[in-house]
*Asks:* 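My questions all concern the structure below.
Computed over heavy atoms, backbone and side chain alike; hydrogens, waters and symmetry mates excluded. So that the names make sense, note that chain A is the first sequence line, chain B the second, and so on, each numbered from 1.
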Amino acid sequence: MKIIVCMKQVPAGTTAEIDPETGAMKRSSAATRTNPYDLFALETAIRIREQVGGTVTALTMGPAQAEEMMKDAYAMGADDAVILSDRKFAGSDVLATAFTLSQGIALLGGCDLILCGRQTTDGDTAQVGPALAEYLGIPHAAWVAEITGVSETSISVRQDLVSVSQESELLLPCLITVDKDINVPRLPSYRLKKATEARPVKIFSYKDMPEQDMSKFGLLGSPTNVVEMFTPKPAEKQVEIPGSNGSEQAQALFDILTAKKII
Amino acid sequence: MSFLKFDMEKCTLCGVCVRQCPFQGLTIESDGIQVNDKCRLCKLCIKNCPQDAIILEQKSDAFDKSEWRDFLIYAEQVQGEVHPVVSELIGEARKMAAKAGFKVHAVLAGGPGTRENADRLLRWGVDTVYVYEHEELAAFRSDVYTDVLADLISEIRPCSVLIGGTALGRSLAPRLSTRFHTGLTADCTTLDILENTDMVQIRPAFGGNIMAQIAISHSRPQFATVRYRVLDRAKPVEQITGKVVIRPIPERMMDSRIRVIKAEPIKRVRTIEEEDILVVAGRGVKNENGVELCRKLAEALGGQLAFTRPMVENGFGDQPHQIGLSGRTVRPKLIITCGVSGAIQFTTCMTGSECIVAINNDPEAQIFKVAHYCIRGDLFDVVPALTRLVENRKED
């Protein structure tokens, strides 16, 4: 089975610099890590390969620095890694990102199964997976909690949709976004790290894309645009709870909450 | 923008393009080949046409916004009941519709019994409720539901489509916005509409304490998702004026590459969204001992303990108890945050709370910007002291 795992490098901390002009995130300076949810997707892919055979390719759109993340993917067990990187891709929203990834997948000759994390920790939208499935015209299942079966033509999954636990069979090719806790991602192995040291990470740019229409990529291809950024207003009435120690502060808060019938 | 054009001089209606299209985007009609909204512009038809009768035309972005009118609300059902977020979306849409001179429509899609929920939506002031009822729609399947909604959107051409930011809504909305090659703004916290019918969509931006205003100015419809408990619920109308329209379901609309094997209800537990009192443990509680102190306070108050994302990542809590963009949005009567720094991804999902108390030993912590009551002190002293006071009160 040919499996592609979509991954993303995200800021390591909770703060990131925003370009006031475009509203896009500046990624160059900040420390980064692999989006933690993507590790569950990669682990799922590797386990499916171990079960039925095939290849696992890690795919990302981002700056060339994503190579570091891809090396880690190799050390976890990915066979191949591809970065779609071009200044023309900068400022992509959901639609442009999904389109670019679909182009990358076309470039790789398609696949049987695409795995994504449930969402990223920076954008937090959880939209790119389903949007990518729509671009490829394939079915998807989001928030998958368990893979219940894999065959040559289909995959069965269990999703916990808040009040319903649903088990479905999807015909391949299809896309699945996996929930946290579907498995415990393995740590990068030292042996694989050494063995894959010389294995290159492929980088493709705009000129490699099958579709040579610039208006479909990056900021140009993004129907949403940021009008302005602003700091939210602080809470209307703020009260400092007095007290020189914890007990006094607790007493002062308790008195207020009781008087206001909040507790 | 580009689209397909058929040279009818050359076309012999051989049907090769219709059969080759991987997306069922083409149909043979009495007046030639028609392109529908499933077309992805993959150009396979152009390559395969034996007559070279298909051309790709590029056209400048000259669409007419005035052709796209009214609001459409996706009325999600959970086990046969309308999800409460629907009333919130309707309430907000009615406010905007009044400004723009628009109507508010809603769409129900589901299994047998779906029609019965339409009357409830009418009471909230919806002008038209469109109903798609079919046994095959009883369980959610991403491809079929997308086809159903796309069918209605193509028909009524709404200016905006509002969808609840639920597990199901967040799976459906991006497929739809992609099908219509338009924008989707996730997790809006405020919505408004301008005179030119562009929505003003406010949502938290990545990192830092920043909000972003997002516009979808050059395409329609405008898609937005809003989480449950972010907006105010719709008030019922005194007199129902809306109507119900049952939509036909052609068999091919139920074609799917997904087969539901089984669907079972999950046993209901009181979720943190439904709780009146929440205590939140953030990174400042440090360890299991700190978490226990917070849990005792939550128990004494008769509420639940919730967590920030780093705490869940470190295994102190689980996803259903996580507050934030990657977790849940809450609006309790009282929320006490302990050792929470207050990143925007967290605060966005709890600022609707009636009373916010922040306990943090960092006097500059972001959380104090949203708190009503600020305790700049050590939670390891304050929390146990507060717990004792609450417990003793109960004994009185």
*Asks:* Please flag which part of A:A133 lies under 4.5 Å from any non-hydrogen atom of chain B: side chain, backbone, both or neither.
*Replies:*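 For A:A133, backbone and side chain are both near chain B.
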*Asks:* I'd like to check A:Q166 versus B:I266 (side-chain heavy atoms, cut-off strictly below 4.5 Å). Are they in contact?
*Replies:* no
*Asks:* Determine the minimum heavy-atom distance between A:R118 and B:S326, stating which atoms define it.
*Replies:*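 Between these two residues, the closest heavy atoms are NH2-O, 3.3 Å.
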*Asks:* Can you tell which of A:I138, A:L132, A:V94, A:T120 has the highest number of heavy-atom pairs within less than 4.5 Å of chain B?
*Replies:*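 It is A:I138.
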*Asks:* Given side chains that start at C-beta, do those of A:E167 and B:V260 come closer than 4.5 Å, heavy atoms only?
*Replies:*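 No; the side chains remain at least 4.5 Å from each other.
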*Asks:* Salt bridge check: are B:R141 and A:E169 linked by an N-O gap of less than 4.0 Å?
*Replies:* no
*Asks:* Looking at A:L253, A:D93, A:T258, A:L172, which has the largest count of heavy-atom pairs under 4.5 Å with chain B?
*Replies:*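 Most heavy-atom pairs under 4.5 Å with chain B: A:L253.
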*Asks:* Which bit of B:E264 is near chain A, if near means a heavy-atom gap under 4.5 Å: side chain, backbone, both or neither?
*Replies:* both
*Asks:* I need the A:Q119 CD to B:R170 CZ distance, nearest 0.5 Å.
*Replies:*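 It is 5.5 Å, given to the nearest 0.5 Å.
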*Asks:* Measuring from atom NZ of B:K262 to atom CZ of A:R158, what distance do you get when rounded to the nearest 0.5 angstrom?
*Replies:*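 Nearest 0.5 Å value for the NZ-CZ distance: 9.0 Å.
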*Asks:* Relative to chain A, which of B:D381, B:V312, B:T178, B:I214 shows the most heavy atom pairs under 4.5 Å?
*Replies:* B:T178
*Asks:* Return the option, out of A:G221, A:A142, A:G246, A:S165, with the maximum number of heavy-atom pairs under 4.5 Å with chain B.
*Replies:*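 Of the candidates given, the most pairs with chain B belong to A:S165.
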*Asks:* Picking from A:Q249, A:Q127, A:Q251, A:H140, which has the most non-hydrogen pairs under 4.5 angstrom with chain B?
*Replies:* A:H140
*Asks:* Between CZ of B:R257 and OG of A:S168, what distance do you get to the nearest 0.5 Å?
*Replies:*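 Output value for this atom pair is 14.5 Å.
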*Asks:* To the closest 0.5 Å, what do you measure between OH (B:Y373) and CD1 (A:I256)?
*Replies:*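 Taking OH in B:Y373 and CD1 in A:I256, the distance rounds to 5.5 Å.
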*Asks:* Do the non-hydrogen side-chain atoms of A:V164 and B:Q79 ever get within less than 4.5 Å of each other?
*Replies:*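 Yes, side chains in contact.
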*Asks:* Name the region of B:T387, side chain, backbone, both or neither, that has any atom closer than 4.5 Å to a heavy atom of chain A.
*Replies:*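 It is neither, since no heavy atom gets under 4.5 Å.
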*Asks:* Could you look at A:P36 and say if it's the side chain, the backbone, both or neither that has a heavy atom under 4.5 Å from chain B?
*Replies:*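 Contact with chain B is through the side chain of A:P36 alone.
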*Asks:* Which of the residues A:T177, A:T148, A:I262 is involved in the greatest number of heavy-atom pairs with chain B at under 4.5 angstrom?
*Replies:* A:I262
*Asks:* Select one option (side chain, backbone, both, neither) describing which atoms of B:R376 are under 4.5 Å from chain A's heavy atoms.
*Replies:*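 Both backbone and side chain of B:R376 come within 4.5 Å of chain A.
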*Asks:* Counting C-beta onward and ignoring hydrogens, is there a side-chain heavy-atom pair between A:I263 and B:L334 closer than 4.5 Å?
*Replies:*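 With C-beta onward as the side chain, the pair touches.
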*Asks:* Measure the OG1-CG distance between B:T166 and A:L161 for me, rounded to the nearest 0.5 Å.
*Replies:* 9.0 Å
*Asks:* Within a strict 4.5 Å, meaning less than it, do heavy atoms of the A:V128 and B:P174 side chains meet?
*Replies:*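 A side-chain contact under 4.5 Å is absent here.
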*Asks:* Got a sec: does the CD of A:E152 have more than 12 other heavy atoms crowding it under 6.0 Å?
*Replies:* no
*Asks:* What part of B:L176 gets closer than 4.5 Å to chain A, counting heavy atoms only: side chain, backbone, both or neither?
*Replies:* neither
*Asks:* Enter the distance from A:L257:CG to B:L386:CG here, rounded to the nearest 0.5 Å.
*Replies:*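 The CG atom of A:L257 sits 7.5 Å away from the CG atom of B:L386.
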